[in-house]
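Letters A, B, ... mirror the listed sequences (proteins, then strands); counts begin at 1. No hydrogens, no waters, no symmetry mates; every other heavy atom, side chains included, goes into these values.
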2 protein chains.
Amino acid sequence: MAVAFATTAQASDELRNLAKDFFEPLPSTVPALADNIVTPEKVDLGKALFFDPRMSASGVFSCNSCHNLATDGDDNMPTSIGHGWQKGPRNSPTVLNSVFNEAQFWDGRAADLAEQAKGPVQAGVEMANTPANVLATLNSMPQYVEWFEESFPGEEDPVTFDNFAKAIEAYEATLITPAPFDAWLNGNDAAMTDEQKAGLEVFMEAGCASCHNGVNIGGQGYYPFGLIERPGAEVLPVGDKGRFAVTETVDDEYVFRASPLRNITETAPYFHSGVVWDLKTAVDIMASSQLGADLDETEIDQITAFLGALTGEMPEVVYPLLPAETSDTPRPTGEILP
Amino acid sequence: MAVAFATTAQASDELRNLAKDFFEPLPSTVPALADNIVTPEKVDLGKALFFDPRMSASGVFSCNSCHNLATDGDDNMPTSIGHGWQKGPRNSPTVLNSVFNEAQFWDGRAADLAEQAKGPVQAGVEMANTPANVLATLNSMPQYVEWFEESFPGEEDPVTFDNFAKAIEAYEATLITPAPFDAWLNGNDAAMTDEQKAGLEVFMEAGCASCHNGVNIGGQGYYPFGLIERPGAEVLPVGDKGRFAVTETVDDEYVFRASPLRNITETAPYFHSGVVWDLKTAVDIMASSQLGADLDETEIDQITAFLGALTGEMPEVVYPLLPAETSDTPRPTGEILP
């Protein structure tokens with residue numbers, strides 16, 4: 001049947017109609033954000049903040065350290081290293097297309113990217129900063145103050161922690177990566193290979209698309225990791241109960257947000273634990289743990305090929321030029337507070 | 001006399017003629033490198049390597065971490081934080097225009113940027129990597145291998161640690177920042193303010209230009225820090241004997257390469273110890289320690305204004321897209337080896 005879908009235009013249309021029940025192509029414009037108008041000024045400010053290591057207490061880490069736009073919006077490690085060389089608890093997810101997720105973080109504890117942006121900057125194991133120190137840093141550089149004024153016109157004191165987060169959200173909303181799968185969904189049969197189309201078919205038939213769907217092929221909905229068969233403790237560490245920490249509901253033990261799968265070929269290692277480096281292995285673990293499906297090697301290859309069609313084109317990023325410190329800028333400190 | 005220089009075209013010409021005995025404007029093209037032809041392919045490869053944190057053992061640090069092109073080629077800290085949260089011994093100098101320095105590092109221990117590039121990647125307190133692991137990392141990503149082949153055509157095995165360093169050198173050679181002072185040296189009277197011209201005059205008359213001269217207004221020649229009057233131990237820590245470690249000659253105790261002064265307004269904190277954050281204070285310390293000169297406040301203001309004319313225009317940097325890891329890529333490790 002996969003072969004049939006792959007080989008004729010009519011079959012391709014049929015597959016596309018099926019796929020449209022699960023998936024939506026990326027929009028061609030930056031999505032509107034709740035209570036946050038996206039302007040070029042705000043996007044530029046957000047980019048500066050995203051890349052500025054002085055937003056961390058030590059001056060070592062920026063948002064881009066763990067969500068590196070040179071490596072598809074993540075940091076290529078099991079879990080990130082942060083302030084004081086401490087290890088973060090979960091794998092850093094890609095910032096690319098994250099605006100299309102239902103909520104942010106592996107456990108969905110932030111409703112949107114603005115709320116998310118306030119997390120790592122304050123986390124003791126990440127950037128270890130405080131809102132007051134972020135604002136003192138920003139206020140010490142007249143160029144930043146001017147950029148905030150231009151980004152939040154009419155506000156009496158635009159340099160606030162909320163606006164800091166909104167500017168970052170606005171920038172991150174521009175980080176969207178149209179992929180061959182979008183072109184195919186939009187009607188271009190030649191955008192995916194026959195193997196990728198076969199993989200899409202398996203992806204839907206086996207049930208992967210029950211959780212990994214929508215614009216981001218995931219990023220919507222919360223599901224127990226180990227729905228059918230709990231994976232080993234190296235993949236699913238017993239100490240991290242996922243969304244349980246957010247809802248304190250027993251049903252949410254080991255529940256995580258379904259991972260968005262765009263650019264997944266570029267963002268190893270996989271899972272919240274970040275211990276699986278090989279995409280086929282990850283597909284195999286998902287099939288057995290979530291679906292109880294025993295996929296054969298061809299099917300795993302086909303799904304993996306389909307996932308390759310989700311690898312999109314990065315927007316060009318011109319590296320920002322940041323304002324220089326002044327005598328009023330708080331000094332960086334690598335000190336580790338208890 | 002400073003006022004005279006500042007106010008007439010004839011006086012400006014006279015000042016320019018004096019200045020040309022000490023200084024040269026930046027060239028308009030990338031300088032030729034010894035034994036390293038600069039090609040667009042090599043520059044692009046070098047840029048990728050410069051920004052790639054996977055060149056460090058931990059995956060945390062790239063060249064750009066301590067020589068951040070968003071903040072004028074340095075990291076805005078007294079001394080850098082590196083692998084295992086260890087502190088480096090000296091302030092990170094800017095990479096901008098560094099190709100014009102006589103030699104690299106504060107003590108000149110590397111003859112050129114290619115030799116320099118091999119240092120931090122192997123230093124235990126910086127990137128803590130090994131040449132073998134760098135090459136294994138590069139060879140694991142076919143895109144990198146292809147880039148090396150294009151950058152070093154005709155070489156049988158182009159992925160070498162020498163070529164890694166040469167590509168980085170080629171990229172860094174493009175990081176040159178023409179400044180108002182260059183425009184003025186090139187004949188544009190309006191490029192500097194009257195105060196900056198007065199400052200230039202003081203800079204030459206007081207003797208600053210005896211050490212800070214040439215294309216980089218420094219970066220040439222080695223001089224004792226404290227030639228006339230040794231500064232306090234917080235500025236000149238007794239444990240760091242500078243070039244003595246390179247030459248093992250008693251005359252070289254506390255000798256350092258004269259700092260290049262381009263973009264100095266943007267690259268606080270100052271000196272190899274990185275403890276002075278205010279440029280005027282740094283000018284004052286230099287005047288007393290190196291020249292025995294007791295400059296008045298106006299003169300210090302004028303010199304500082306002149307230094308502002310050395311702040312140049314950054315080339316636009318498009319952030320690179322780096323190859324994704326493969327199953328063969330060595331895994332990052334934050335482990336601290338003894």
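Heavy atoms closer than 4.5 Å to chain B are found in the side chain of Glu316(A), but not in its backbone. Proximity to chain A involves both the backbone and the side chain of Ser58(B), based on heavy atoms less than 4.5 angstrom apart. Heavy atoms closer than 4.5 Å to chain B are found nowhere in Thr329(A), neither backbone nor side chain. When heavy atoms are compared at a cutoff of 4.5 Å, Asn64(A) approaches chain B solely by way of its side chain, counted from C-beta outward.
Of the residues considered (His83(A), Arg331(A), Glu325(A)), Arg331(A) shows the highest number of contacts with chain B, using heavy-atom pairs under 4.5 Å. For chain B, the option among Ser327(A), Ala48(A), Ala268(A), Pro320(A) with the highest count of heavy-atom pairs below 4.5 Å is Pro320(A). In terms of heavy-atom pairs under 4.5 Å with chain A, the best-connected choice from Lys87(B), Met77(B), Met314(B) is Met77(B). Of the listed residues Pro323(A), Cys66(A), Ala324(A), Ala70(A), the one with more heavy-atom pairs under 4.5 angstrom with chain B than any other is Ala70(A). Highest contact tally toward chain B, considering only Thr265(A), Val318(A), Thr326(A), is held by Val318(A) [criterion: heavy-atom pairs under 4.5 Å]. Most heavy-atom pairs under 4.5 Å with chain B: of the set Gly334(A), Gly59(A), Ser65(A), this distinction falls to Gly334(A). The candidate with the highest count of non-hydrogen atom pairs below 4.5 Å against chain A, out of Val60(B), Thr267(B), Ile336(B), is Val60(B).
Of the options Ser273(B), Pro78(B), Pro269(B), a side chain to side chain contact (heavy atoms under 4.5 Å, CB included) to Asn91(B) is made by Pro269(B) and by none of the others.
The main-chain N or O of Ser62(A) is never found under 3.5 Å from a side-chain atom of Ser56(A) such that the two would form a donor-acceptor pair. Of the possible donor and acceptor atoms, none in the side chain of Glu266(A) sits under 3.5 Å from a partner among the backbone N and O of Asn263(A). Judged by distance alone, the side chain of Asp182(B) and the main-chain N or O of Ala179(B) form a donor-acceptor pair under 3.5 Å. Although no hydrogens or angles enter the test, the distance criterion places a donor-acceptor pair under 3.5 Å between the side chain of Gln196(B) and the main chain of Ala305(B). At least one donor-acceptor pair closer than 3.5 Å links the side chain of Thr79(B) to the backbone N or O of Gly88(B). Checked by atom type and distance alone, the side chain of Tyr319(B) never pairs as donor or acceptor with a backbone atom of Phe51(B) at under 3.5 Å.
Of residues 138-146 of chain A, not one residue has a non-hydrogen atom less than 4.5 Å from any non-hydrogen atom of chain B.
For Phe181(A) and Phe306(A), the distance between ring centers is under 6.0 angstrom.
With 3.5 Å as the limit, one finds a donor-acceptor pair spanning the side chains of Ser80(A) and Asp75(A).
Ring geometry for Trp85(A) against Phe61(B) counts as parallel: the plane angle stays under 30°, on a 0 to 90° scale with 60° as the upper cut.
Contact check on Asp278(B) versus Lys280(B) returns no salt bridge, with no Lys/Arg side-chain nitrogen under 4.0 Å from an Asp/Glu carboxylate oxygen.
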